[in-house]
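See below for the structure under consideration.
Being a predicted model, the structure only gives us computed values, none of them experimental.
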Amino acid sequence: MTPQIRPLSANLQRIAIEELNEVPERLDADIEALRAWLKQQPHLRARSDDQFLVAFLRGCKFSLEKAKSKLDKFYTLRTRYPDFYTIRDVDSQRLHELLRLGVGLRLPRPLHDDGPRIIYVRPGSYAADKYTFEEIMGVSHALSALSLQFDDYSVVYGCLLILDFSGYTAAHLLQLTPSIVKKMSVFAEEAMPIRDKGRHMINTNAVFERGFNMMHSLLPAKEQSRISVHGSNLESLYKHIPQKYLPTHLGGEQGTIEELQQQTWDIFLEQREYLRTEAKYGVDETLRPAGQSCDYESIFGVDGSFRKLNID
């Protein structure tokens, strides 16, 4: 039986075979093995279409056990902390404001035109006295869920993040508690099957530096190694990401902020019904087999903050 998935371009298929251990002749059997396991999990209500399952297999380099673990954690965390990992109401005007603001913007051309997806993130672009960081992350994770289902560059090559800290203030930093840093890190490492191809920090300031020094130690060594801080030195960034792959205001050819905001809004409108159906999926902890639960409260800890920092 032929899997019901989008065909990959010749180069994406080559990368899937060489780097992700994909065997096209065995793809249907691999997908079916993961689906069969899902059916045996009484606590899991998960998507089981071929396209969704193959994203987890590719993101786990076709290790069935890793794919099982990520799928379980993906839905467990989204159910336990829905406001942080999901969008609850796709018709909310507040949500629409945030989407149009475009804190996280997916650039249309992947790196080298056939490589990792580039995500341009603007952590200082929203009003910290109006929106919570939890709301920002809910939107971010929802857009990531769309990439998981609809963007083969993200799934096969992974994502490369540019974080532009223009406008970043003490009010933004104070929203970022140690617990939130761990929530982001654990989900990215243990639940999302999209490979992190690096994070490049630009236009950093004194507030960023103080927060970064505190938060860096909370991240696993693997995540720490993927972070590059360029300050205001764009020439340093260009060594990793050629200038033409940046947005227009950074000297590139990927569009203006306004164009990218409109593109994000258009993607949301196109996939709004998909996001609406996300509410059907999750976990029922009362049905989870004994001995399989994870105490995320103890992992994430209490919500302290960085208020003791001198960030004025």
Side-chain angles (χ1 to χ4, degrees), residues 84-85 87 95 97-111 115-128 131-148 151 153-154 157-169 171-173 175-176 180-181 183-185 187-189 192 194-205 207-209 211-212 215-216 219 223-224 226-234 236-238 240-241 243 245-252 254-265 267-268:
F84 195 83
Y85 296 118
I87 289 175
L95 164 68
E97 287 175 18
L98 275 173
L99 282 163
R100 288 186 177 280
L101 183 59
V103 177
L105 300 165
R106 189 177 86 179
L107 304 190
R109 291 165 60 192
L111 187 65
R117 177 64 67 191
I118 306 170
I119 310 294
Y120 177 62
V121 185
R122 304 183 299 146
S125 66
Y126 68 95
Y131 301 107
T132 67
F133 192 74
E134 191 173 59
E135 289 177 292
I136 302 300
M137 290 311 300
V139 172
S140 172
H141 284 119
L143 293 175
S144 294
L146 292 181
S147 294
L148 190 62
D151 183 23
Y153 288 103
S154 292
Y157 274 109
C159 285
L160 186 62
L161 269 62
I162 302 170
L163 292 104
D164 186 339
F165 283 87
S166 299
Y168 195 69
T169 67
H172 292 104
L173 177 60
Q175 291 185 332
L176 203 58
I180 280 177
V181 173
K183 280 181 182 174
M184 290 191 292
S185 174
F187 194 77
E189 286 291 311
M192 269 301 276
I194 291 180
R195 293 187 290 167
D196 180 353
K197 304 301 286 188
R199 303 174 203 179
H200 296 272
M201 319 294 198
I202 64 172
N203 295 322
T204 53
N205 56 24
V207 172
F208 163 84
E209 295 292 346
F212 181 75
M215 291 178 284
H216 198 244
L219 300 174
E223 279 194 65
Q224 292 182 25
R226 298 185 185 123
I227 296 173
S228 300
V229 180
H230 303 282
S232 57
N233 183 2
L234 292 184
S236 171
L237 176 67
Y238 298 157
H240 301 269
I241 304 173
Q243 185 174 354
Y245 292 104
L246 301 175
T248 305
H249 71 285
L250 294 177
Q254 293 266 45
T256 64
I257 291 295
E258 293 75 17
E259 289 167 339
L260 294 170
Q261 287 169 326
Q262 185 61 48
Q263 175 192 281
T264 299
W265 178 246
I267 289 172
F268 167 73

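Side-chain contact check for D151 and S154: at least one donor-acceptor pair (N or O, by modelled atom type) lies under 3.5 Å. Between the side chains of T169 and H172, at least one donor N or O lies within less than 3.5 Å of an accepting N or O. Y120 and D164 are linked by a side-chain donor-acceptor pair at a separation below 3.5 angstrom, with hydrogens and angles left out of the test. Looking at Y126 and E135, their side chains never bring a donor and an acceptor atom within 3.5 Å of each other.
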Q: Evaluate the side chain to side chain contact (heavy atoms under 4.5 Å, CB included) criterion for residues V139 and V103: first the C-alpha distance (whole Å), next the side-chain angles of each, then the deciding distance (0.1 Å), finally the verdict.
A: CA-CA 9 Å; V139 172; V103 177; over 6 Å; no
Q: Kindly indicate, with the supporting measurements, whether the criterion ring-ring contact (aromatic ring centres under 6.0 Å, His included) is fulfilled by F165 and F208.
A: CA-CA 8 Å; F165 283 87; F208 163 84; 4.5 Å; yes
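Between H141 and F84, the two ring planes are tilted [angle within 30° to 60°].
The minimum heavy-atom distance between R117 and P108, with the atom names listed, is NH1-O, 2.8 Å. Taking each heavy atom of R199 and L163 in turn, the nearest pair found is CB-CD1, 4.0 Å.
A donor-acceptor pair is defined here as one N or O able to donate and one able to accept, closer than 3.5 Å; such a pair exists between the side chain of Y85 and the backbone of K183.
Applying the side chain to side chain donor-acceptor pair (under 3.5 Å) rule to Q254 yields no partners; only residues at least two apart in sequence or on another chain are considered.
With a 4.5 Å cut-off on side-chain heavy atoms, M184 and F133 count as touching.
Put simply, CG on L250 and CD on Q243 are 9.0 Å apart, with the number rounded to the nearest 0.5 Å. A distance of 10.5 Å separates NE2 of H200 from CD1 of I227, quoted to the nearest 0.5 Å. Atom CG in L95 sits 4.5 Å away from atom CD1 in I87 (nearest 0.5 Å).
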